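Numbering of ligands and ligand atoms starts at 1, following listing order. Numbers here are sequence positions counted from 1. On a predicted model such as this, the values are computed, not experimentally measured, just so you know.
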Amino acid sequence: MLLTISTTHQPATDLGYLLFKHPDKCQEFNLSFGTARVFYPEASDTKCTAALVLDINPVDLARGKAGAKRQTLEAYVSDRPYAASSFLSVAISQVFRTAMTGRCEQKQAVADTPIPLVVKIPVLPSRGREGFLRGLFEPLGYDVSVRRLALDETFPDWGNSSYFDVELSHTIKLCDLLSHLHVMIPVLDDDKHYYVNEDEIEKLLRHGEGWLSTHPLKEEITSRYLKRQRGLTRDALAQIAVEEVIEETSDLETQEEIIEKPISLNQQRMETVVAALKANGVQKIVDLGCGEGKLLKLLLKEPTFQEILGMDVTYKSLEFAQERVLDKLPTHQKGRLQLIQGSLNYRDARITGYDAATVIEVIEHMELDRLIAFERVLFEFAKPKIAIVTTPNVEYNVKFENLPTGKLRHPDHRFEWTRVEFKTWAQSVGDRYKYSLEFSSIGDVDPVVGSPTQMAMFIATV
Ligand code: SAH
C-alpha cells in the first residue's frame, strides 16, 4: 500500500518539518496490523516527495491476528496488502499524528499556509464508481485525476477492476489534506477493519471539522465512515447539524445578542446563575452545553468553585472555550477546569459526582422528543445535588423590536416555552426524580409577559 505526498512549495524540504519526518531518513513504525515506512524518494529545494508504504501480511490478517474472522482460503488472498483502505487511514493518523494537528513549532507559518500539494494513491478502491470518488474530493477544491485499473493487464478482455490510480492536487494546508485523506480513504473502501462505536463519531467530527458539515455528500460520508450503522450515523449527523449552525457562530450569536442586547441579558443570566451556585455552597460544577465557555470564565473567578467541568457536543465550541478560557489560565489554575466533548442525550459517567450542573440556554436546542433522554441522563444518572436550567420565555419575544412576530430567537432553537410550559415540564421532572424546585426570572420583568429568561433550580430532596 503506497501513498505519496509531494510539494513544490519552496524550500520544498519544509515538508519534512511539517510531517515531522526527516527527508534524509527512512523511518519504520510497527503498527498492530503491519509495518509502516516513511521515506523521501526526492527531496530538493524545488520538489519534495514523502512516501508512506504500508506492509501488511494477509496471512496474519486471515489468522485473526488483526481482526479478520473468515476461515476460508479466500481470506488469505485479499486486496488488503495492496489497496488503500482503513489500514492506510489508521497508519496516516498514527504516523503523521502531530502533522494532523497543524502544529509545527519550527515552521508554524508554513503549517498555517495553504501550499501546493499533490497526493498519489496508486490503488484506491471505489467499487467502480469514478463519480463518487470525484464527488468526495472535488467539492473540497481538489483537482482529481483518475485512471481506472484493469482487472489484469495481461487479459484486457476481463475488463476493469474497481480500483483507481488517483492523483489529487490542491493548494491547501497539509493538516487539512491529511484529515481529508484520513476520512475519505475508509469511506471509499467501505470496509473498516475495526469495530466501530461511538468513539468513531468523535473522530469523524474532529477530522471533519470545518468541512464535513457543508460537504454535499456529508450523509454518505458519515454513513460509510460509521460502517452504515444507522444509530451512529443519525447521532453523528445531528451533531454535524449543530456544528453547521455553530460554524456561522459569530453571525448567529451576534444575531441573538443583538436581539437581546438592550438589556444585556446574557450578563444578567450568568450573574444570576453564579449567585445561585454561591448561595448553595457548591464546589464541583459541571456546565453542560458550555458552548464557548462564557459561564466557565465567570465560575473560574470564584475560588470557592474548585472543580469545573465544561461539556459540549460541538467540537468547535470547545475549541473556542479552550482558546479563550483554558489556555488563558495561569498554569497553577489550569487544573481547575476540564473540557470534554459529549452529548446530553447519552448517559455519561464523566458527569457524575458533581455538586451542581448548569444547563444554560441549551434545552431549547434539543428536539422535544430528545428531552426525555436528557432528563434521564441528568436526573437519573448524573444526579447532581443541584441543577440549574435556563431557557427563553417565548412570551417575552413580543418585546424584542427587531424580532419578527412568531420567530424564535435563534435559528437553531427547536422550541421556546411559555412560563406555564416551562414550569409544568420542570415540575414533572422534579416529581419523577425527587427534586424540589425554585423558579426565578432573569432580566427585566414585564407585568404581562414576564422576563426574557426563565430559570429553574432543581434541588435534590433525597
Ligand atoms: N451555555 C452556553 C451555550 C448556549 S448555546 C451559554 O449560555 O453561552 C447551546 C449550546 O448547547 C451549544 O454550544 C450546543 O453545542 C450545545 N448543545 C446542544 N445540544 C446539545 C447536546 N445534546 N449535548 C450537549 N450539548 C449540546
List every atom of ligand 1 that sits less than 4.0 Å from any heavy atom of T314, numbering the atoms from 1 in the order shown and giving each element.
-> 15 (O)

Any atoms of ligand 1 less than 4.0 Å from a non-hydrogen atom of E361? List them with their elements.
-> 4 (C), 5 (S), 9 (C)

Which ligand 1 atoms are under 4.0 Å away from a heavy-atom of G289?
-> 1 (N), 2 (C), 3 (C), 10 (C), 11 (O), 25 (N)

Counting both backbone and side chain atoms, is some N or O of D312 under 3.5 Å from an N or O of ligand 1?
-> yes

Using side-chain contact (heavy atoms from CB on, under 4.5 Å) as the criterion, list what pairs up with V362, not counting sequence neighbours.
-> L344, V359, M366

Would you check whether M270 reaches within less than 4.0 Å of ligand 1, judged by its heavy atoms?
-> yes

Find all atoms of ligand 1 within a distance of less than 4.0 Å from any non-hydrogen atom belonging to C290, and give their numbers and elements.
-> 2 (C)

Which word best sums up how the rings of W417 and F415 line up, parallel for under 30°, tilted for 30 to 60°, or perpendicular for over 60°?
-> tilted

Is there a donor-acceptor pair closer than 3.5 Å between any side-chain N or O of Q108 and the backbone N or O of G102?
-> yes

Show which atoms of ligand 1 fall inside a sub-4.0 Å distance from at least one heavy-atom site of N345.
-> 22 (N)

Check ion pair E380-R432 (N to O, under 4.0 angstrom) = no

Is the shortest side-chain N to carboxylate O distance from E200 to K203 below 4.0 Å?
-> yes

Counting heavy atoms only, name the option from L318, V313, I360, L344 that's nearest to atom 17 (N) of ligand 1.
-> V313

Which one of H365, R370, H410 has a non-hydrogen atom at the shortest distance from atom 18 (C) of ligand 1?
-> H365

Intermediate values then yes/no, side-chain hydrogen bond (donor to acceptor under 3.5 Å, both in side chains), Q333 and R336 | CA-CA 6 Å; Q333 290 281 333; R336 284 173 69 206; 2.6 Å; yes

Using 4.0 Å as the upper bound for N to carboxylate O, is an ion pair formed by E364 and R414?
-> no

Within-shell test, G342 vs ligand 1, heavy atom, strictly < 4.0 Å = yes

